[in-house]
Trainee: 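First the structure, which I've put down as structure tokens, then a few questions once you've had a look.
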Amino acid sequence: MRTSIILKTPLKNEEIAKLKAGDSVSISGVIYSFRDAAHKKLIDLIIQKKPLPFNLSGQIVYYMGPSPAKPGAVIGAAGPTTSSRMDVYTQYLLEQGLAGMIGKGSRSMEVKQALKKYKAVYFAAIGGAGAYLSQRIKKAEVIAFSDFGPEAIRRLEVENFPAIVINDIFGGDLYQQTREKYKL
Amino acid sequence: MERRIIEVGKITEAVRNLCQEANTQLPPDVIAKLKQASLKEESSLGKEVFSQLLENAEISSQSKIPLCQDTGLVVVFVELGQEINLIGGSFYDAINEGVRQGYKQGYLRNSVLSCPLERENTNDNTPAIIHTEITSGDKLKITIVPKGGGSENSSGMCMLTPADGIRGIKQFVLQQIESAGANPCPPIIVGIGIGGNFEKVAFLAKKALLREIGEPNKNRSYAELEEELLCEINNLGIGPQGLGGRITALAVHIEAYPCHIASLPVAVNIQCHASRHKEIIF
Ligand code: SF4
């Protein structure tokens, strides 16, 4: 097993600056999950200069819409969704101090540049490992837009949540680097 | 001859169970293929991905937490024997009722919107997409395929010209997979349709995914093309989860059909490793 860098949220600038594309990390603390619909609504609030349901500074958003929790369970399956759909919204959240994102798949040029500018990182979790990842979530609570169902904003408490740094603040891009390495 | 009678209530019951089983039990052929592929993977990160995916399948089958939170839009393939008489209500309503009950009982995610523009959730994962084929005889076969959005969004079709030939087909398939990258959760299974017409080719690509994983096309030249494409796809280096490595695809399945003298339609339907399908025969 590769060794993982331990991260606790909210992330500090010094911690973010140490992360490099290809690092495995293990995240503990509070993260927030939401996806397409909640992004659209949050950005509307930001544009209208209205208050947001939570403070984004130093936080991590997990692009994820879980399956429903069974009775007695914290959450259902909880793996990442495709990040590129969130590209158009990302800059707005970074301006509010968002420090990290967890998803799957590559980001647009604009997002990669914004990560350098705003000193934020993009992580990937294993797509389709929804049952496995759900076990790292110890608490889950809908904190906004509950009418969106799976797309509501959730506050999650995670323990040793595994992820990999894809884009760091220096322009490193793991997807690109490794593809070149293994291309025949 | 007497017609065989099937009560549609039985179909609801079967679909209800199939939806739940499909979402929590990765088929044995997929598990075996993942194990086999993980031995071939050279990247250490890639190997880790395989072990997480296998562990995921185990947790899911034991705890009945779905394999993936995207429990999909339900695609239903029906082969209906022409000597069957369905009674007790509408056949399609019975299938949709099964989906409704299965998704509720199984705590599966509702991912279907009533209108693509208004985007309001139907809250019961219906309607399913149902393909019916009338066959001879008196058997009824129903296959349930919950299909996730990530891999479906990475799929595509193209009306090539006859001059493009095999080279054009390969180029299109490779381009499609290269641009999808990590989005469809590699390792993937690649369903390819060749021939037919505009709508038929997409259907063929999806149908190709139903085949047991890695089972070659019965026609030699298509089987060879499957092998060549699998090799060329894996040479792209995308790797498990796009993190680089030897295994991007687990298998390539081609389905072909006669086509017009002016056309060479081709379609690629990408299936993620969470290749969920379950069938029942009445
Ligand atoms: S592509 Fe497949 S494995 Fe990945 S999130 Fe979608 S349904 Fe799940």
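Below, chains carry the letters A, B, ... as their sequence lines are ordered, and counting in each starts from 1.
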Trainee: Would you check if there is a donor-acceptor pair between the side chains of B:Thr71 and B:Asn23 at a distance under 3.5 Å?
Mentor: no
Trainee: For B:Leu53, is it the side chain, the backbone, both or neither that has a heavy atom under 4.5 Å from a heavy atom of chain A?
Mentor: side chain
Trainee: What part of B:Asn110 gets closer than 4.5 Å to chain A, counting heavy atoms only: side chain, backbone, both or neither?
Mentor: backbone
Trainee: Write out, in numerical order, the residues from residues 102-124 of chain A with a heavy atom short of 4.5 Å from a heavy atom in chain B.
Mentor: A:Lys104, A:Gly105, A:Ser106
Trainee: Angle class for the A:Tyr32/A:Phe54 ring planes (parallel below 30°, perpendicular above 60°, tilted otherwise)?
Mentor: parallel
Trainee: Counting N and O atoms only, with roles assigned by atom type, does the side chain of B:His273 sit under 3.5 Å from a partner on the main chain of B:Gln241, one being a donor and the other an acceptor?
Mentor: no
Trainee: Given that the side chain runs from C-beta out, which part of B:Ser63 has a heavy atom under 4.5 Å from chain A: side chain, backbone, both or neither?
Mentor: backbone
Trainee: Under a 4.5 Å heavy-atom cut-off, does chain A meet the side chain of B:Lys47, its backbone, both or neither?
Mentor: neither
Trainee: Sub-3.5 Å donor-acceptor pair from the side chain of B:Asn153 to the main-chain atoms of B:Gly150, do we have one?
Mentor: no
Trainee: Checking A:Tyr89 against A:Tyr92 for the ring-ring contact (aromatic ring centres under 6.0 Å, His included) test, could you report, in this order, the C-alpha distance in whole Å, the side-chain angles of both residues, the deciding distance, and whether it holds?
Mentor: CA-CA 6 Å; A:Tyr89 306 118; A:Tyr92 291 95; 8.0 Å; no
Trainee: Where on B:Asn183 is there a heavy atom nearer than 4.5 Å to chain A: the side chain, the backbone, both, or neither?
Mentor: both
Trainee: Would you please go through residues 168-184 of chain A and name the residues with a non-hydrogen atom below 4.5 Å from one of chain B, in numerical order?
Mentor: A:Leu174, A:Tyr175, A:Thr178, A:Arg179, A:Tyr182, A:Lys183, A:Leu184
Trainee: Counting distance only, does the side-chain N/O of A:Arg136 pair as donor-acceptor with the main-chain N or O of A:Asn160 below 3.5 Å?
Mentor: yes
Trainee: Give, as side chain, backbone, both or neither, the part of B:Gln62 having an atom under 4.5 angstrom from any heavy atom of chain A.
Mentor: neither
Trainee: Checking A:Ala125 against chain B: side chain, backbone, both or neither under 4.5 Å from a heavy atom?
Mentor: backbone
Trainee: If you count heavy-atom pairs under 4.5 Å between each of A:Gly130, A:Pro68, A:Ala37, A:Pro80 and chain B, which one has the most?
Mentor: A:Pro68
